[in-house]
Amino acid sequence: MARARLVTAPPPPGPPLCVLGRAEGARIAVRTLAPGGTITAEQSCGTAELPALAARLEAESAPRWVLSDAAAWSPVLLRAGVTPARCHDLRLVHRILRHSELVPAAERGGGPTAWDTPHEPEEPARGQDLGATLFELDCGSSASHGVPDGIEEACAELSRQQQAIAAAEDPARLRLLLAAESAGALIAAELQAAGIPWDVAEHDRILTEALGPRPSPGTLPSRMVEAAAEVREALDDATVSLDSPPKLLRALHRAGIDVPSTSQWELQGKDHPAIAPLLRYKKMSRLLTANGWAWLDEWVHEGRYRPVYVPGGVVTGRWASSGGGALQIPRQLRPALRADPGWRLVSADVSQLEPRVLAAMSGDGEMIAAGAGKDLYSGIVEAGIVPTRQEAKIGVLGALYGGTTGDSGRVVPRLRQTFPDAMALVDGAAATGERGGTVSTWLGRSSPAVEESWTLAQRSAFGPESTPAEQERARRTARERGRFTRNFVVQGTAAEWALSWMAALRLRLAAFPEVAADERADASGPVFSRRAHLAFFLHDEVIVHAPAAQAEAAAAAIRECADAAGRLLFPGSPIDFPLDLSITERSAEK
DNA sequence: GACTTTATATAT
DNA sequence: GGTGATATATAAAGTC
């Protein structure tokens, strides 16, 4: 696997690097480096002058901005309307390099350093309070809990990272990943700044329809009160709490309903008059507590929902979010996403992203053909492999997740016959994981290594003095890890595709012309009110908020960038990534 | 009382 | 006797 490198890779061609960092006093230094690493210029300014200086350098040379943590620096720049085209996020890059199998172990860095600081969920991350980070920059408190942000520390870390990248097995591939990850950091900051256009009245209407009118504080909405009364009546227990699983479970047992838990899945199908109202109550309770009026008050201001996105927040490279459950917005509330007057929502999601990514990674011609230009699951049906689309879907998901029982267990062996290359890739990843090994995505993000205790437990379980229970437990944890690594390679590569898609799209949209002053969507802020911009991202789906006149062009850009992402990751592959795309004023409940 | 764990819901 | 991945959020219950 590891090929000897006989020559040092030449420095990559490309734009100059501008490293941003704190200098003496309250100054901020901007150090310009040629691609080879030599310093060609250095300037400094106060915080207030930074946006002007950054805007000038951006216009002059479109550098790659080297930022200790784009999440911390972006708000300062965005407030002043500066949107860097490219960046290198030292914190995110550090995390990838630390684990990547493409990087020789000696170059991955020793023990944890200040650069391993995880994303800090910023305290006032709600409302339009983008000034908080600027304040932190002013008073210098961010250094205490964030990554280092001094100019010398940033340059030293950059230099260390460049050395690790140059020593990597496939530097060009790794650079793609690092550029995509860094672009993601800029996109996340911009998504938060722009916000999701949110129709409070529509949200309130959905809540009122489902729950009854907004109740006074401390009381339940009328339809929940009614459902609760029906449940208590049917259980013949006038006081039982429906919100406490243990108490509810005991009450169900007293009424002769034999269920192991109070979950929806166990309840449905039981024949008892309490079941139907209880299930209704649970649905309503979920809506009220997760996305009710309190959520609306807390998270939506001036027609925008501004969640905090956390790029790379999931081990596989997927994004996480913090605040308001942005990635779990129930489909029921989708109609509350509504474009501003005169604007449109251009929504696009990739059909079967993960199976397509698997087909491309493995070069499985049969699987690529099954999805060519159409629904991949239907393609599997048409090829005569399974009788129904539903079975095709269950089988493919079983292959990605490691399902061995039930319906997926029955279908997966047939897929293994039909798509040997694709299945060999995920099966291989699972086998590596079961052995305690590390697997990597297409561009080189690697799964975390197992704990030493895990390896020891596995070893001892198969030694002479182990009990059957010990062996069984070891086998189970090994299989669990196999399912994790099996899924890691596909989910992680899909995340890389999605980042590449958005990174390209972001640059395309930024080049759109500005609309006239009276056509702006002011709530999106000074930067994003003037032209089509990204407004939402969810793993395989984007929503662009666009002036009506730019909606068609935005849709075309979304499609072209999906094609471009496919070619970037899988050059020469016939794989395609068809989109479901729509231009609407209001997001549709799917 | 502050903190952690469990149960249950949601998304892909 | 367990048998499908990755997550976040809430509230109740458990722990110190």
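A note on names: the letters A, B, ... follow the listed sequences, proteins ahead of strands, and every chain is numbered from 1.
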Rounded to whole Å, CD of Q491(A) lies from P of dT12(B) at a distance of 13 Å
**Q.** N or O in side chain of T404(A) less than 4.0 angstrom from dG4(C) OP1/OP2
**A.** yes
(Q) Is it true that E101(A) and S440(A) share a donor-acceptor pair across their side chains at a distance under 3.5 Å? (A) yes
NA contact type, L538(A), heavy-atom cut-off 4.0 Å: base, sugar-phosphate, or nothing? sugar-phosphate
field: dA9(B) versus dG1(C) - spacing of their C1' atoms, nearest Å
entry: 27 Å
**Message:** Would you say T418(A) and E366(A) are linked by a side-chain donor-acceptor pair, where the criterion is simply a distance under 3.5 Å?
**Reply:** no
When rounded to whole Å, the CG to P distance for the pair L249(A) and dA12(C) reads 17 Å
From the candidates dT8(C), dT6(C), dA13(C), the one with an atom nearest any side-chain atom of N487(A) is dT6(C)
Exercise for review: Check whether any side-chain N or O of T405(A) sits under 4.0 Å from OP1 or OP2 of dG4(C), and answer yes or no.
Suggested key: yes
Atom CG of L327(A) and atom P of dT12(B) are separated, to the nearest Å, by 10 Å
- Quick one: the side chain of R286(A) and the base of dT10(C), do they pair up donor-acceptor inside 3.5 Å? no
Note: for A326(A) and T316(A) on DNA chain C, the residue whose nearest nucleotide lies more 5' is T316(A)
Rounded to whole Å, CG of L288(A) lies from C1' of dA9(C) at a distance of 14 Å
Checking dT12(B), dT10(B), dA13(C) against the side chain of Q328(A) (C-beta onward), the nearest is dT10(B)
Exercise. For S408(A), report the nucleic acid contact type (base, sugar-phosphate, nothing); a contact means any heavy atom under 4.0 Å.
Key: nothing
Would you kindly say whether Q458(A) and T477(A) are connected by a side-chain donor-acceptor distance under 3.5 Å? yes
Q: Respond yes when some side-chain nitrogen or oxygen of R483(A) is under 4.0 Å from OP1 or OP2 of dA5(C), and no when none is.
A: yes
- prompt: Does a side-chain N or O from S322(A) land closer than 4.0 Å to OP1 or OP2 of dT8(C), or not?
  reply: no
>> Looking at T262(A), I'd like to know whether one of its side-chain N or O atoms comes within less than 4.0 Å of OP1 or OP2 on dT8(B).
In response: yes
Between NZ of K282(A) and C1' of dT10(C) the distance, given in whole Å, is 13 Å
Verify, without hydrogens or angle tests, whether W293(A) (side chain) and D204(A) (backbone) share a donor-acceptor contact under 3.5 angstrom. no
What nucleic acid atoms does V315(A) come within less than 4.0 Å of, heavy atoms only: base, sugar-phosphate, or nothing?
sugar-phosphate
For dA13(C) and S244(A) - does any side-chain N or O of the residue sit under 4.0 Å from the phosphate oxygens OP1/OP2? yes
To the nearest angstrom, the CZ-C1' distance between R331(A) and dA9(B) comes to 14 Å
Looking across every strand, which nucleic acid part, if any, lies under 4.0 Å from R479(A) by heavy atom: base, sugar-phosphate, or nothing? base
When we call it a touch if two heavy atoms are under 4.0 Å apart, what does S261(A) touch: a base, just sugar-phosphate, or nothing? sugar-phosphate
What does L353(A) touch in the nucleic acid at a heavy-atom separation under 4.0 angstrom: a base, only the sugar-phosphate, or nothing?
nothing
L287(A) CG to dA11(B) P, in whole Å, measures 11 Å
Taking dT6(C), dT12(B), dA13(C) as options, the one with an atom nearest any side-chain atom of V314(A) is dT6(C)
Between S261(A) and E266(A), is there a side-chain donor-acceptor contact under 3.5 Å, judged purely by atom types and distance? no
Sugar-phosphate only, base, or nothing, as touched by E354(A) at under 4.0 Å among non-hydrogen atoms: nothing
Whole-Å distance, N291(A) CG to dT8(C) C1', equals 11 Å
Respond yes when some side-chain nitrogen or oxygen of R476(A) is under 4.0 Å from OP1 or OP2 of dG1(C), and no when none is.
-> no
Among dG4(C), dA5(C), dA7(C), the one nearest any side-chain atom of F484(A) is dA5(C)
Practice problem: On the 0 to 90° scale, with breaks at 30° and 60°, tag the F570(A)-W442(A) ring pair as parallel, tilted or perpendicular. | Solution: tilted
Item to complete: Begin from the C-alpha positions of L278(A) and L248(A) and carry the test side-chain contact (heavy atoms from CB on, under 4.5 Å) through to its verdict.
Response: CA-CA 10 Å; L278(A) 179 54; L248(A) 176 59; 4.0 Å; yes
Q | ring centroid sep under 5.5 Å plus plane angle under 30, Y401(A) with dG4(C) | A | no
